[in-house]
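Let me begin by presenting the structure, written as structure tokens, before commenting on it.
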There are 2 protein chains.
Amino acid sequence: MGDRTKPGSGAIVTSASAPATSAAAVGGRSLDHPTRDEIRIETVLHALSDPMRLRVVRELAAADAELTCSRFDLPVSKSTTTHHFRVLRESGIVQQVYRGTAKMNGLRRDDLEALFPGLLDSILDAANRQVQRIGEDR
Amino acid sequence: MGDRTKPGSGAIVTSASAPATSAAAVGGRSLDHPTRDEIRIETVLHALSDPMRLRVVRELAAADAELTCSRFDLPVSKSTTTHHFRVLRESGIVQQVYRGTAKMNGLRRDDLEALFPGLLDSILDAANRQVQRIGEDR
DNA sequence: ACCGTAGTTTGAGATTCTTCGTAGTTTGAG
DNA sequence: CTCAAACTACGAAGAATCTCAAACTACGGT
């Protein structure tokens, strides 16, 4: 899985020169998401197998709206939070868009439902049941 | 892992004196499985996020019967196969029992269904759809 | 222009995972 | 008892993950 290959251009954005007109510089920052047909079940399951990420997805589903990263009060540092959101985005579970300084996060329900009908809901349901059972949250 | 000693709960196989009349001693070797209420959604998802293990579970579901480890023709070594079956057992997805020199593997459908209704089926369905779509199997 | 908020990147440490080969154990058969 | 078959256990190597702190970039207001 690992694919730390940076998003936009070829990492040469080291600012040695050309600070302004970089490829990704057009509208601002670019975030690349997998297209619908690039989403893989193994990757989705892996992304959701982390407690922190599963929790984010549960909150996102409960809110049923786009939320900024900072709305989530996770017990980890900012950089770790960024990391988890990145995994969720690269797996195709969430969609991220910049709006000002904030980054909005939304579930890709349509894509997931089209590829894997019922999967997301049954995982969310399973997670909710487990929290009810043993309340291991937060 | 660095610690092959079984994970959660411990207790049981304390073997202070390991009398012959131990529950597990009946047929010979003992394999400890998590009890139903020890099964965790994160662990289940993690176990199924590996292509090899997902494949094993798919075959097991398709066969709808107990199969020996050697029935699976995985493209990995035997010790790796043992490892994957162990992960599946410790996550609570499969149940393993010795029968002669063979080890029978069966899905714990009842337990999973009781804890997470519909989860296993929707994951299997998702996996099947993906194989149909891009045939990345074997 | 300056500052604060929001998030990213880089580099690091610690842990865990996947995989393997080799050596052992257990069981059933001859 | 000895053998083959079926697994397990024990390292070990290499990759991937999770986590953090520190330094950085982007955007919006005052």
Side-chain angles (χ1 to χ4, degrees), chain A residues 1-9 11-15 19-20 22 24-32 42-43 45-56 67-91 96-105, chain B residues 1-7 24-32 42-43 45-56 67-91 96-105:
Chain A
M1 260 162 240
D3 194 9
R4 227 117 229 72
T5 46
K6 79 297 130 236
S9 53
I12 315 173
V13 193
T14 41
S15 77
S22 177
V26 182
R29 291 155 279 185
S30 74
L31 294 168
D32 51 41
E42 308 93 318
T43 312
L45 295 179
H46 172 249
L48 295 176
S49 71
D50 181 278
M52 222 57 78
R53 292 191 292 259
L54 184 53
R55 181 165 144 180
V56 165
L67 298 178
T68 63
C69 290
S70 49
R71 296 278 282 194
F72 298 86
D73 184 32
L74 304 178
V76 293
S77 72
K78 251 192 327 182
S79 33
T80 302
T81 301
T82 295
H83 161 69
H84 285 309
F85 274 103
R86 194 230 275 262
V87 172
L88 286 173
R89 169 168 49 81
E90 292 182 341
S91 70
Q96 299 186 300
V97 170
Y98 280 107
R99 223 174 74 191
T101 75
K103 188 153 83 168
M104 307 306 295
N105 297 274
Chain B
M1 240 171 270
D3 189 24
R4 235 119 218 73
T5 51
K6 98 301 122 240
V26 179
R29 295 155 277 184
S30 74
L31 294 166
D32 53 43
E42 309 93 323
T43 313
L45 295 179
H46 172 248
L48 295 176
S49 72
D50 182 278
M52 223 55 78
R53 293 191 292 257
L54 183 53
R55 182 165 143 181
V56 165
L67 299 178
T68 64
C69 290
S70 50
R71 296 279 281 195
F72 298 86
D73 183 33
L74 304 177
V76 293
S77 73
K78 236 169 6 157
S79 33
T80 301
T81 301
T82 295
H83 161 70
H84 284 309
F85 273 103
R86 190 221 275 268
V87 173
L88 286 172
R89 169 168 49 81
E90 292 182 341
S91 71
Q96 298 186 301
V97 170
Y98 281 109
R99 223 174 74 191
T101 75
K103 187 153 80 171
M104 307 306 294
N105 296 276

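Below, read A as the first sequence line, B as the second, and so on, with proteins coming before strands; counting in each chain starts at 1. Since we're looking at a predicted model, the values are computed, not measured.
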Atom pairs under 3.5 Å, N or O on each side, protein against nucleotides 3-7 of chain D: can you list them with distances?
from: D:dA6; atom 1: O4'; to: B:T101; atom 2: OG1; distance (Å): 3.3
from: D:dA6; atom 1: O3'; to: B:T101; atom 2: O; distance (Å): 3.3
from: D:dC7; atom 1: OP1; to: B:K103; atom 2: N; distance (Å): 3.0
from: D:dC7; atom 1: OP2; to: B:S70; atom 2: N; distance (Å): 3.1
from: D:dC7; atom 1: OP2; to: B:S70; atom 2: OG; distance (Å): 3.1

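As a whole-Å value, the separation of A:F85 CZ from D:dC18 P is 14 Å. Distance, A:R86 CZ to D:dC18 C1': 13 Å, rounded to whole Å. The NE2 atom of B:H46 sits 17 Å away from the P atom of C:dT15 (whole-angstrom rounding). Separating the CG atom of A:D50 from the C1' atom of C:dT15 is a distance of 13 Å, rounded to the nearest angstrom. Straight-line distance from the CD atom of A:E42 to the C1' atom of C:dT18: 15 Å, rounded to whole Å. In this entry the distance linking CG of B:L88 with C1' of C:dC17 reads 14 Å, nearest Å. Between A:L45 atom CG and C:dC17 atom C1' the separation is 17 Å, expressed in whole Å. Rounded to whole Å, the distance from CG on B:L31 to C1' on C:dT25 is 13 Å.
Considering CZ of B:F72 and OG1 of B:T81, their distance stands at 10.0 Å, rounded to 0.5 Å. Remark: B:S77 OG to B:H83 NE2 distance equals 10.5 Å, nearest 0.5 Å. One finds the OG1 atom of A:T80 at 9.5 Å from the CG atom of A:L74 (value rounded to the nearest 0.5 Å). To the nearest 0.5 Å, atoms OG1 (A:T43) and CG (A:L88) are separated by 12.0 Å. Here the CD atom belonging to B:Q96 is positioned 5.5 Å from the SG atom belonging to B:C69, to the nearest 0.5 angstrom.
Heavy atoms of A:R53 sit under 4.0 angstrom from primed sugar atoms or phosphate atoms, though from no base atom.
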Reading DNA chain C 5' to 3', what string of ( ), [ ], | and . shows its pairs, if Watson-Crick and G-U wobble pairs count only when both distances fall under 3.5 Å?
||||||||||||||||||||||||||||||

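Residue A:S79 places its side chain closer to C:dT10 than to any other of C:dT18, C:dT10, C:dC20.
Contact annotation: the side chain of B:M52 never approaches that of A:E42 to less than 4.5 Å [non-hydrogen atoms, C-beta and beyond]. B:L67 places none of its side-chain heavy atoms less than 4.5 Å from the side chain of B:M104. Using a 4.5 Å heavy-atom threshold, the side chains of A:L31 and A:R89 count as touching. When side chains are defined from C-beta on, A:H46 does not count as touching B:D50, because their heavy atoms never get closer than 4.5 Å.
The side chain of B:H83 places no N or O atom within less than 4.0 Å of a non-bridging phosphate oxygen (OP1 or OP2) of D:dA9. Residue B:H84 places none of its side-chain N or O atoms closer than 4.0 Å to OP1 or OP2 of C:dC17.
Residues A:R99 and A:S77 both approach DNA chain D. Their nearest nucleotides, taken by heavy-atom distance, put A:S77 toward the 5′ side.
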